Amino acid sequence: MQLKPLTVIVVIAISLFACKEDNSAEIEYNKELAEIVEEEKILEFGFDRKNYEFKRDTIKSGDTFGVILERNNIGYPDIFQIAEKAKDTFDIRKLQVGKPYTLLYAKKNLKDSIQKPTTFIYQNNLEDYVVIDFRDSIQAYKSKKPVTYVEKTATGIIESSISSTLEEKGLSQKLAYKMADEIYAWTIDFRRLQKGDRFKVIYTDKYIDDTIYAGIKNVKAAYFEHNGDSLYAFEFETDPEKGIIDYFNEDAKNLRRAFLKAPVQFSRISSRYNLKRRIAYYGNRVRPHKGTDFAAPIGTPIMATASGTVVESTRRGGNGKYVKIRHNDTYSTQYLHMSRQAVKKGQFVKQGDVIGYIGMTGNTGGPHVCYRFWKNGRQVDPFKQKLPEAKPISDSLKVKYLEYIKPVKQRLDDIFFLEAEPIIKENTITTDIQ
């Protein structure tokens with residue numbers, strides 16, 4: 001059977017139209033597929049890993065920004081230009097030995113005989129990094145890796161110490177530091193815990209890129225049974241402008257004192273305040289010791305025992321490198337023999353802030369911090385002083401606080417003590433993406 005000319009034209013037209021429709025559908029599908037692929041980019045430092053080769057290393061002794069780039073085939077005229085453009089964002093002279101850096105190479109250029117990086121990335125810490133991008137126009141900027149906060153709950157029953165209990169449970173020792181030095185420092189002596197003492201806690205862990213553990217962000221609430229006492233603690237911000245956070249019990253009583261007991265976490269006292277101390281090295285003569293020595297490994301952080309203003313941060317004679325803080329008209333504290341200071345004169349510091357690190361500068365026979373305590377201009381023994389309590393919660397905030405802790409306390413009370421499984425619940429509460 002033969003088709004008439006008109007019929008053939010109609011069939012061809014329909015076929016072409018159908019082909020056109022099918023082709024449009026295919027284009028639309030490919031477009032959607034491309035969008036899906038686009039969404040599945042694997043980014044690191046904001047760069048697509050499919051397009052770049054990542055070369056990682058750490059700053060070695062003798063490394064400078066120029067040395068690193070020259071070693072990777074970038075000439076000094078270019079290095080000078082890059083450094084000039086970057087100086088307002090990052091001082092390239094401040095590269096620290098041991099810190100990681102990454103060089104990015106465009107994969108499309110990897111076949112070139114001379115391979116040159118396009119980007120230099122320096123990591124100050126697990127979270128913060130600096131990008132110096134010299135692909136086209138040179139630009140430098142600071143950024144942060146994505147941070148995820150996961151709220152958790154845990155329990156523990158003491159067999160020998162808080163540290164061993166946490167270790168057996170696979171929990172971070174930083175949780176012990178938080179409870180011993182920040183929350184219960186003045187209500188529980190963690191060196192004298194008893195077998196059978198037990199605790200439960202609600203806290204938040206911090207993760208970088210969802211996988212790298214970066215420590216404990218905060219402890220929201222805790223409960224400790226010790227010596228027959230039930231001790232609650234709830235975190236509460238009393239001054240949002242200054243960022244002051246304290247811990248209070250269920251009756252809104254502040255658990256802290258104006259001063260921490262020690263400037264170093266979990267250290268031991270190697271020498272106490274003693275005005276009649278005799279030293280064999282000096283012919284057994286009396287050499288007053290007007291400080292309390294806390295022994296700890298070199299590099300251990302030293303904390304301000306109370307909030308105040310740094311009045312000295314220098315090096316002098318037998319004191320070595322030290323920091324002195326004026327807390328008010330009555331009290332000042334001093335921290336001697338540091339390996340280095342972390343604060344400057346005139347800076348305001350909060351209780352618990354790191355102000356320096358354990359060292360052996362000045363006259364010292366071993367790594368420690370000599371902690372000196374001044375009252376009305378005289379050096380005294382801090383352990384024999386009736387120290388003031390921390391600032392109480394205001395009447396206006398007390399009502400707000402008691403209302404705030406109701407559901408938190410209920411949640412804490414609902415946690416059962418478990419010996420085998422300390423983690424009862426994990427809940428991702430927020431993610432910061434820069």
Side-chain angles (χ1 to χ4, degrees), residues 61 96-98 163 173-174 176-177 180-182 185 189-191 259-327 331-347 349-385 387:
S61 180
Q96 295 181 30
V97 173
S163 297
Q173 290 296 321
K174 292 179 181 179
Y177 299 153
D181 289 325
E182 292 188 18
D189 187 343
F190 276 71
R191 289 168 293 190
F259 291 86
L260 298 177
K261 285 185 176 180
V264 183
Q265 293 178 332
F266 286 99
S267 59
R268 65 180 179 84
I269 295 176
S270 55
S271 180
R272 291 185 177 273
Y273 180 96
N274 185 357
L275 298 180
K276 298 180 180 180
R277 184 181 64 165
R278 294 181 181 274
I279 301 178
Y281 182 81
Y282 294 105
N284 208 36
R285 287 179 297 179
V286 172
R287 299 273 296 198
H289 185 233
K290 295 183 178 181
T292 304
D293 293 347
F294 292 87
I298 288 177
T300 301
I302 299 170
M303 302 177 296
T305 55
S307 301
T309 301
V310 176
V311 292
E312 292 183 68
S313 180
T314 187
R315 178 169 186 159
R316 186 178 300 135
N319 290 347
K321 295 180 180 179
Y322 71 90
V323 168
K324 188 172 183 179
I325 301 171
R326 181 177 180 273
H327 304 290
Y331 298 104
S332 296
T333 54
Q334 194 176 13
Y335 312 77
L336 312 183
H337 311 308
M338 294 178 170
S339 58
R340 64 183 176 92
Q341 302 100 317
V343 292
K344 296 180 180 180
K345 183 178 178 179
Q347 184 176 336
V349 294
K350 293 185 293 185
Q351 184 183 67
D353 283 352
V354 175
I355 57 171
Y357 300 88
I358 292 287
M360 291 180 60
T361 57
N363 296 338
T364 173
H368 73 278
V369 58
C370 179
Y371 175 56
R372 299 197 171 190
F373 196 91
W374 304 69
K375 183 177 180 180
N376 294 321
R378 292 178 56 251
Q379 293 187 60
V380 297
D381 184 351
F383 292 98
K384 293 184 178 179
Q385 307 303 308
L387 297 174

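Please read these numbers as outputs of a predicted model, since none were measured by experiment. The analysis underlying the following values was restricted to heavy atoms, covering all of them including side chains, and did not include hydrogens, waters or symmetry mates.
Atom NE2 in H337 sits 5.0 Å away from atom SG in C370 (nearest 0.5 Å). Distance NE2/H289 to CG/D381: 11.0 Å, rounded to 0.5 Å. Rounding to the nearest 0.5 Å gives a distance of 10.0 Å between NZ of K321 and OG of S313. Here the NE2-OG distance, from H327 to S307, works out to 8.5 Å after rounding to the nearest 0.5 Å. From L260, atom CG reaches atom CD of Q351 across 4.0 Å, with rounding to the nearest 0.5 Å. Here the NE2 atom belonging to H368 is positioned 12.0 Å from the CE atom belonging to M338, to the nearest 0.5 angstrom.
Side-chain contact check for V380 versus Q385: some heavy-atom pair is nearer than 4.5 Å. You'll find the side chain of I325 reaches within 4.5 Å of the side chain of Y335, heavy atoms only. When side chains are defined from C-beta on, M360 does not count as touching S339, because their heavy atoms never get closer than 4.5 Å. Side-chain contact between T305 and Y371 is present, with at least one heavy-atom pair separated by less than 4.5 Å. Within the 4.5 Å cutoff, no side-chain heavy atoms of I355 are placed close to those of V310. At least one side-chain heavy atom of F294 sits less than 4.5 Å from a side-chain heavy atom of P263. Residues P297 and I358 fail the side-chain proximity criterion, which asks for heavy atoms closer than 4.5 Å. Taking 4.5 Å as the limit, every side-chain heavy atom of V369 sits out of range of all side-chain heavy atoms of L336.
Counting only N and O atoms by type, the side chains of Y177 and E182 include no donor and acceptor under 3.5 Å apart. Between the side chains of R316 and Y322, at least one donor N or O lies within less than 3.5 Å of an accepting N or O. Side chain to side chain, Q347 and T309 fail the donor-acceptor criterion of an N or O pair below 3.5 Å.
Listed for the E312 side chain is no donor-acceptor partner under 3.5 Å among the backbone atoms of K345.
Judged by the 6.0 Å and 45° rule, K324 forms a cation-pi pair with W374. Under a cutoff of 6.0 Å and an axis angle of 45°, R272 and F383 form a cation-pi pair.
In this structure, K261 places its NZ atom where more than 12 heavy-atom neighbours from other residues, nucleotides or ligands lie under 6.0 Å away.
When all heavy atoms of Y357 and I302 are compared, the closest pair comes out as C-CD1, 3.6 Å.
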- What's the verdict on side-chain contact (heavy atoms from CB on, under 4.5 Å) for I269 and D293, showing C-alpha distance, side-chain angles and the deciding distance? CA-CA 6 Å; I269 295 176; D293 293 347; 6.0 Å; no
